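A short write-up of the structure that comes next.
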Amino acid sequence: QLQASGGGLVQAGDSLRLSCAASGRTFSNYGMGWFRQAPGKEREFVAAINWSGDIRPYSDPVNGRFTISSNIAKDAVYLQMNSLKPEDTAVYYCAADSHFRKVVDGRGIDYWGKGTQVTVSS
């Protein structure tokens with residue numbers, strides 16, 4: 001029901017835009033977020049956006065470089081990633097939940113999308 005796309009192999013300093021599209025149901029009143037998991041590490045929070053779009057927390061490692069946005073009409077959420085670093089290499093997952101707190105702390109999320117690989121070479 002959630003499908004992430006837009007990953008790829010880029011060089012340090014490059015940009016990528018991830019998309020997450022919903023199908024089968026609407027997430028228009030849900031909070032949505034992005035998480036990532038690097039090899040050998042636990043999945044971590046990246047960014048989230050509430051249903052109205054006015055609350056957008058970011059993790060410290062990406063704050064100022066990544067921007068989350070959404071298109072309620074298309075039931076989609078995006079992650080613009082600028083100034084990419086090798087440490088941003090991970091599988092990126094989108095998530096949605098009717099409780100915004102869950103898409104920030106990552107616990108008990110109702111909907112997860114399949115991930116998309118982002119690899120940043122130095």
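Heavy atoms only: backbone and side chains are in, while hydrogens, waters and symmetry mates are out. Keep in mind that what you see is a predicted model, and the values were worked out from it rather than measured.
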Could you check if a side-chain atom of [X] sits within less than 4.5 angstrom of a side-chain atom of [Y], using non-hydrogen atoms only?
{"X": "Arg36", "Y": "Lys41", "result": "no"}
{"X": "Met81", "Y": "Val118", "result": "yes"}
{"X": "Phe100", "Y": "Pro57", "result": "yes"}
{"X": "Asp88", "Y": "Lys85", "result": "yes"}
{"X": "Tyr78", "Y": "Thr67", "result": "no"}
{"X": "Val103", "Y": "Phe45", "result": "no"}
{"X": "Ser69", "Y": "Arg56", "result": "yes"}

Euclidean distance, [Y] [atom2] relative to [X] [atom1], rounded to 0.5 Å:
{"X": "Phe66", "Y": "Leu79", "atom1": "CZ", "atom2": "CG", "value": "6.0 Å"}
{"X": "Cys20", "Y": "Asp75", "atom1": "SG", "atom2": "CG", "value": "10.0 Å"}
{"X": "Ser70", "Y": "Ile68", "atom1": "OG", "atom2": "CD1", "value": "7.5 Å"}
{"X": "Ser122", "Y": "Gln11", "atom1": "OG", "atom2": "CD", "value": "9.0 Å"}

- [ ] Write down the atom of Met32, the atom of Ala96, and the distance for their closest heavy-atom approach.
- [x] CG-CB, 4.0 Å
Task: Validation row, ring centre Tyr111 to ring centre Phe27 under 6.0 Å - done: yes
TODO: Report the C-alpha separation of Thr116 and Val91 in whole Å, then their side-chain angles, then the decisive distance to 0.1 Å, and conclude whether the side-chain contact (heavy atoms from CB on, under 4.5 Å) test is met.
DONE: CA-CA 5 Å; Thr116 184; Val91 177; over 6 Å; no
Task: Steps toward side-chain hydrogen bond (donor to acceptor under 3.5 Å, both in side chains) verdict (Thr119, Gln117) - done: CA-CA 6 Å; Thr119 303; Gln117 176 72 47; 3.3 Å; yes
Open item on the list: If the condition is side-chain contact (heavy atoms from CB on, under 4.5 Å), which residues does Arg43 pass it with, not counting sequence neighbours?
Closed with: Phe35, Gln37, Tyr93, Trp112
Open item on the list: When you measure from the side chain of Ser83 to the backbone of Arg65, do you find a donor-acceptor pair of N or O atoms at a distance under 3.5 Å?
Closed with: no
